[in-house]
Amino acid sequence: MSLKLTEGAISVILAGGNVDEPVVQILGHKKLAGTNTGSDRFRLLISDGRHLNGFAMLATQLNNQVTSGELCDFTVVQITRYITSMVANSEKGERRVMVILDVKILASGNEVGFKLGNPKPMTDGAEAEAVGPQQAVHNKTVQPKPTANRPASNVSVLSSPGGSVNTHPISSLSPYQNKWVIKARVTAKSPVRTWANARGEGKLFSMDLIDETGEIRATAFKEQCDKFFDMIEVNKVYLISRCVLKTANKKFTNIKNDYEMTFTSDTQVIPCNEDTAGIPTLTFDFTPISALAGLESNAIVDVIGVCKSSGEVQTLISRNTNKELKKREVMIVDQSNTGVTLTLWGTQAEDFEGSTNPVLAAKNVRINEYGGGKSVSLLQSSVLQINPDTPQAHKLRGWFDSVGATQEQENISGRTGVAGSGFSANWMTLKEAQENQLGCGDKPDYFTSVATVLIVRSENSLYKACPTEDCNKKVIDQNNGMYRCEKCNREYPNFKYRLLLSVSLGDFSGNQWATCFQDTAEILLGVKAQDLGDLFHDDRQFQEVFHKAAFKTYIFRLRAKMENYQEENRLKVTVTEARSLGTMQEHNARLITEIKEMAGIGNSVPYGN
DNA sequence: CCCCCCCC
């Protein structure tokens, strides 16, 4: 193998010229740390044997080749793909930066072991020497300098005489300079969303942009939202300039960039229909479905799988917003021979057609844990592609048609715990539930306890509710034979009895007050709410029902949420299910399994499997 | 200037 470097390549490239697949030697690298993992960048010192270039940026997808040592000092590589771009530099105006997109290693650094040739740093003289026709062309397409008195709307930094523009890599954008134009593809676009809070109200949409060097999120508020929403289309390429850059809050995004852009009244967006092949489309970093089980809840991942089955659209009411939600759960499977439930929301759920077993590729889905199983759920910021035309999707299709369709997959979304009961894992004693900070997050936590009913409060346990189906609002007795429902805003001649029962539950570790609504209260009391209401006039019989309910033991499914009541945090617990303990044999079998798991004895499998 | 992303 020849180790001949492409002498003179660096001066041509830095002058704006093109050199096909130059061979260079790596003589050093420097890590430019980002603020989060995944946003680190490496700057390489490269030599063509004649000149050194200390401003060769490595595309982030090649970072692992530096960290693995593959691109260590003295390594000789062929640069198979690169771009250059002008970046502002405070001392020297602009400088051309080379971004290395792909390399082929020709000889490892250890193998070579020394510096080839006698490369010298590039000087302005050297650059001038290399100026050719290309450089002359590029000099003519430099953007006009913004001036204070120029009308902003009719002179565009994007309209240059030759029709071509110098564009800047997304990876070079920062709040410290605003004279840039990016050429970027929209990979995701949010719907318009409105907000209203203490600081005001408005509307916005946001989009994700990528080019060969990186990605960034951009948001358009209010007027800009109206102005650009219809124009911006997913998968199209645009020339974008004059946005404001600010530090991205990593809490709200998984875009790998320390900054994000905000559109301003000055912002220009021009569709770009030419030379867009070099601008990448959305890239995925798929996690095999089998690996999802080992990841933490709330982690954001990309997944790809074939839809093996899909459920019906379900309608539910959000506990937080009281808004109606539509969701559809589909089972996707992949070559790891594992399946996971993927949850679609809204119109995506309604429009979904699963009967043809489409391949689904989803970017930025969130891992959820429910009942010991893991599932993935689309978020507003997720991207779902159905039957994408990619090699990976075709391979998956081939696997599914030949093997996957007929084979049984392990389902990591299946719940552990008592088989077929709908009960889930997360067994806890009452004390553990109190000590494990359950319900301290945004969402309630669910747990399961075996506990005994100690006290059942009869006071205020029964109330007269609106007779309308689905309205359980307490009615006001008008004392004229009519009952008023404030929620329905009307009076009825009748009502129905509803239960809202406070019970103290106890186990060996402690006790906990909990609330039972209609269904669970009827189970604990052993009577229907209506029948209990009919007994109301007979206090002895009425109280007897409550006495009989005490000292019975159940498997309780409990929902826990920490609430602040009179400046004190207290755990509010609701009974969502109360089940018979079953036979002692069944109960003991579960306990024995738990003990084995705790002690690490044998190949114990979750109870019920 | 948003930052909600849902349910069992």
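Just so it is clear: chains get the letters A, B, ... in the order the sequence lines come, proteins before strands, and each one is counted from 1.
- To the nearest 0.5 Å, the span separating CD on A/Gln385 from CZ on A/Phe284 amounts to 3.5 Å.
- Of the candidates B/dC2, B/dC5, B/dC7, B/dC7 carries the atom nearest the A/Leu316 side chain, counting heavy atoms from C-beta on.
- In the region residues 215-231 of chain A, proximity to DNA chain B at under 4.0 angstrom, judged on heavy atoms, holds for A/Arg217, A/Thr219, A/Phe221, A/Lys222.
- Computed from coordinates, the A/Arg557 CZ to B/dC7 P distance equals 14 Å when rounded to whole Å.
- For A/Asn368, the side-chain atoms get nearest to B/dC7 when compared with the rest of B/dC4, B/dC7, B/dC1.
- Between the side chain of A/Lys327 and the base of B/dC7 there is at least one donor-acceptor pair of N/O atoms closer than 3.5 Å.
- Across the protein-nucleic acid pair, A/Glu369 atom CD and B/dC8 atom C1' stand 14 Å apart, rounded to whole Å.
- Of the candidate nucleotides B/dC8, B/dC1, B/dC7, B/dC8 has the atom lying nearest to any side-chain atom of A/Tyr370.
- At a threshold of 4.5 Å between non-hydrogen side-chain atoms, the residues A/Val237 and A/Lys183 count as touching.
- Comparing B/dC5, B/dC2, B/dC8 by their nearest atom to the side chain of A/Tyr446 picks out B/dC8.
- Computed from coordinates, the A/Leu204 CG to B/dC4 C1' distance equals 11 Å when rounded to whole Å.
- Contact detail for A/Thr341 and A/Ser413: the closest heavy-atom pair is N-OG, 2.8 Å.
- The CG atom of A/Asn298 sits 13 Å away from the C1' atom of B/dC6 (whole-angstrom rounding).
- Here A/Glu324 lies out of heavy-atom contact (under 4.0 Å) with every strand.
- Annotation: side chain of A/Leu245 is in contact with side chain of A/Trp180 (closest heavy-atom distance under 4.5 Å).
- Atom CG in A/Leu325 sits roughly 5 Å away from atom C1' in B/dC6 (whole-Å rounding).
- In this structure, A/Met261 atom CE and B/dC3 atom P are separated by 20 Å, rounded to whole Å.
- Atom pair A/Arg328:CZ and B/dC7:P shows a separation of 20 Å (rounding to whole Å applied).
- Residue A/Gln380 places no side-chain atom within donor-acceptor reach of the base of B/dC3, judged by atom type and a 3.5 Å distance cut-off alone.
- For B/dC5, the OP1/OP2 oxygens have no side-chain nitrogen or oxygen of A/Trp345 closer than 4.0 Å.
- More than 12 heavy atoms of other shown residues, nucleotides or ligands fall within 6.0 angstrom of atom NZ in A/Lys308.
- Using a cutoff of 4.0 Å between basic side-chain nitrogens and carboxylate oxygens, A/Lys250 and A/Asp258 are scored as salt-bridged.
- A donor-acceptor contact shorter than 3.5 Å is absent between the side chain of A/Thr452 and the backbone of A/Thr553.
- In this structure, A/Ile367 places its CD1 atom 17 Å from P of B/dC5, rounding to the nearest Å.
- Side-chain contact of A/Glu260 with A/Thr262: a donor-acceptor pair under 3.5 Å is absent, judged by distance alone.
- At a threshold of 4.0 angstrom between heavy atoms, the contacts of A/Lys326 with the nucleic acid are absent.
- Within the 4.0 Å cut-off from OP1 or OP2 of B/dC5, not a single side-chain nitrogen or oxygen of A/Arg193 is found.
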